[in-house]
**Student:** 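To start, I am sharing the structure in question, which I have written as structure tokens.
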Amino acid sequence: MTVAEPPPTRSSVPPLAARARAVGGSPVRDILAVTARPEVINFAGGLPAPELFDAKGIAAAYEAVLAEAPARALQYSTTEGEPALRDALAARTTARGLPTGPDDLLVTTGSQQALSLLATALVEPGDTVLVESPCYLAALQAFGFAGARVLAVPGDEHGVDPGALEELVVRERPKLFYTVPTFQNPTGRTLPAGRRAAVAAVAARHGLWIVEDDPYGELRYEGERLPWIAAHPGAEDRTVLLGSFSKVMAPGLRLGWLRAPGELRRACAVAKQAADLHTPTVNQLAAARYLADNDLDAHVARVAGVYRERRDAMLSGLAAALPTGSVWNRPEGGMFLWARLPEPYDTTALLPRVVRQNVAYVPGAPFYAGSPDRTTLRLCFVTQTPAEIGEGLRRLGEGLSPTRSATPAG
């Protein structure tokens, strides 16, 4: 007599680590997945305009590298990054007012990895990290994943309030302060020169470490360039500056970097060894070759000119699209515009209704470390043409118009 074997059981997933249970996914990524249909005009993603990528120049750089040094390009590299690329990055940083040598830099797989490496190297569970209000969403994820206690520093339409920052530093003794002072994500605002100097002075007085993230600073359409916080007296030895090619060359290259004092940079390099050993060699060498053979600044100027037209197209149509009483900013560069609807509008609750009109935005609530302002929303204006922006704003107005009643949040 044959005894039947019991059917195999499917193994359950091992218990997740507390940090994986505590930190959710990106609401922006979730929105992009829902709105990926081609008929949707998507103001939600922070996506550079793909038709403006210098595809020919980048392809030529890859071809040259693979033709002239294939063994090197396809081999493992050092964790710190390819010397040719670090040389070029150091020269660009120095030319912009912050003396930098190649050994001051660590090349990362996108500047998002730089944030993760810093969180790994610096943040213990329970440490306090100060951020802007609102704040770049993926930074909140990175610090939350490290177990940080994240506190928002009060500010206004111009950015963080240095006085409020100093009060929190004295009271909370934070591990670091994270900021995107130029064309911030999500608001598009830029911290004025006086406040930058004041933030640097707070750092000097109280030993505060600053993480200054600058992925958008080269995309300026008007006004004068402001010095990095890292270049101010008192901050130069306690600021980590992050940069990226994602917005000025192409995000698919996944090339970023961090500039930091030696001991911290070495700790980040060790963390990177545990994460991915090194950033892809061929991408680094191609970027270095592109910088040698092309005028990146001229390319960025062309891109910024197009983006300015798109910003102006969005600004010209917002009054007709948003409810009466709404307010919004006029960014001098970058990719984002921030709007606030009148009470009691709730942009999270409204989003499904708006998406049914084949247009999308990002609700503001996920960008807040503290109590969110649910009337806010982020619009990315660089991915669509002016004509598409006009149509998208018409659809946005249609999506919002049924809410101009007694129940705007419904």
Side-chain angles (χ1 to χ4, degrees), residues 28 31 35 40-52 132 134 136 155-159 180-192 215-226 247-248 300-342 345 347 350-351 354-355 357-364 367 373 375-401 403-404 408:
V28 177
I31 291 169
T35 60
V40 175
I41 295 177
N42 203 329
F43 298 141
L47 305 177
E51 71 274 16
L52 300 179
E132 298 166 308
Y136 171 48
D156 56 22
E157 69 273 17
H158 301 297
V180 185
T182 306
F183 314 139
Q184 193 232 23
N185 182 357
T187 64
R189 69 195 181 194
T190 294
L191 192 68
Y216 311 103
E218 294 191 54
L219 295 174
R220 177 171 286 280
Y221 319 145
E222 59 190 52
E224 296 298 320
R225 182 185 176 276
L226 299 177
K247 308 306 186 293
V248 297
V300 172
R302 289 191 293 271
V303 171
V306 175
Y307 285 179
R308 177 175 181 162
E309 293 178 355
R310 297 179 180 189
R311 178 207 61 180
D312 292 347
M314 180 164 282
L315 288 171
S316 68
L318 277 177
L322 300 184
T324 301
S326 298
V327 294
W328 53 89
N329 64 336
R330 186 180 187 277
E332 293 185 334
M335 300 172 59
F336 304 110
L337 186 149
W338 188 248
R340 178 175 289 105
L341 309 188
Y345 282 84
T347 59
L350 287 169
L351 182 60
V354 169
V355 169
Q357 298 295 323
N358 289 325
V359 67
Y361 58 77
V362 179
F367 296 99
D373 182 345
T375 69
T376 56
L377 59 90
R378 188 192 78 176
L379 297 167
C380 177
F381 52 78
V382 304
T383 315
Q384 284 80 29
T385 65
E388 291 167 337
I389 288 170
E391 173 60 18
L393 291 176
R394 186 195 65 78
R395 296 179 189 180
L396 179 61
E398 287 293 318
L400 295 175
S401 62
T403 68
R404 301 183 198 211

**Student:** Can you tell me how far the CG atom of Leu337 sits from the CG atom of Asn329, to the nearest 0.5 Å?
**Tutor:**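 These two atoms lie 5.0 Å from each other.
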**Student:** Are Cys380 and Leu47 side-chain neighbours, meaning at least one heavy-atom pair lies under 4.5 Å?
**Tutor:** no
**Student:** If you draw a 6.0 Å radius around CD in Glu51, do more than 12 non-hydrogen atoms from other residues or ligands fall strictly inside?
**Tutor:** yes
**Student:** Applying the ring-ring contact (aromatic ring centres under 6.0 Å, His included) criterion to Phe336, which one of Phe43, Phe367, Tyr216, Phe381 satisfies it?
**Tutor:** Tyr216
**Student:** As a quick check of understanding, evaluate side chain to side chain contact (heavy atoms under 4.5 Å, CB included) for Val355 and Val40, giving each step before the final call.
**Tutor:** CA-CA 8 Å; Val355 169; Val40 175; 5.5 Å; no
**Student:** Tell me, do Arg378 and Trp338 make a side-chain contact under 4.5 Å, heavy atoms counted?
**Tutor:**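 A side-chain contact under 4.5 Å exists here.
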**Student:** Is there a side-chain contact between Val327 and Leu322 in this structure, where contact means two heavy atoms from C-beta onward sitting under 4.5 Å apart?
**Tutor:**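 They are not in contact (no side-chain heavy atoms under 4.5 Å apart), so the answer is no.
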**Student:** Check this for me: does any side-chain nitrogen of one of Arg340 and Glu157 sit under 4.0 Å from a carboxylate oxygen of the other?
**Tutor:**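 No.
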**Student:** Which heavy-atom pair separates Glu132 from Gln184 by the least distance, and what is that distance?
**Tutor:** OE1-NE2, 3.1 Å
**Student:** Are the side chains of Arg302 and Leu52 in contact, using a 4.5 Å heavy-atom criterion?
**Tutor:** no
**Student:** Taking Arg394 first and then Glu391, would you say they form a salt bridge - that is, a charged N and a carboxylate O separated by under 4.0 Å?
**Tutor:** yes
**Student:** Aromatic rings Tyr221 and Phe183: how do their planes relate, parallel, tilted or perpendicular, breaks at 30° and 60°?
**Tutor:** parallel
**Student:** Could you tell me which non-hydrogen atom of Leu400 sits nearest to which non-hydrogen atom of Pro323, and how far apart they are?
**Tutor:** CD1-CD, 3.9 Å
**Student:** Looking at Glu332 and Arg220, does any basic side-chain N land under 4.0 Å from a carboxylate oxygen?
**Tutor:** yes
**Student:** Would a 4.5 Å heavy-atom cut-off, applied to side chains only, mark Val300 and Leu219 as touching?
**Tutor:** yes
**Student:** Quick check: closest heavy atoms across Gln384 and Asn42, and the distance to 0.1 Å?
**Tutor:** NE2-O, 3.1 Å
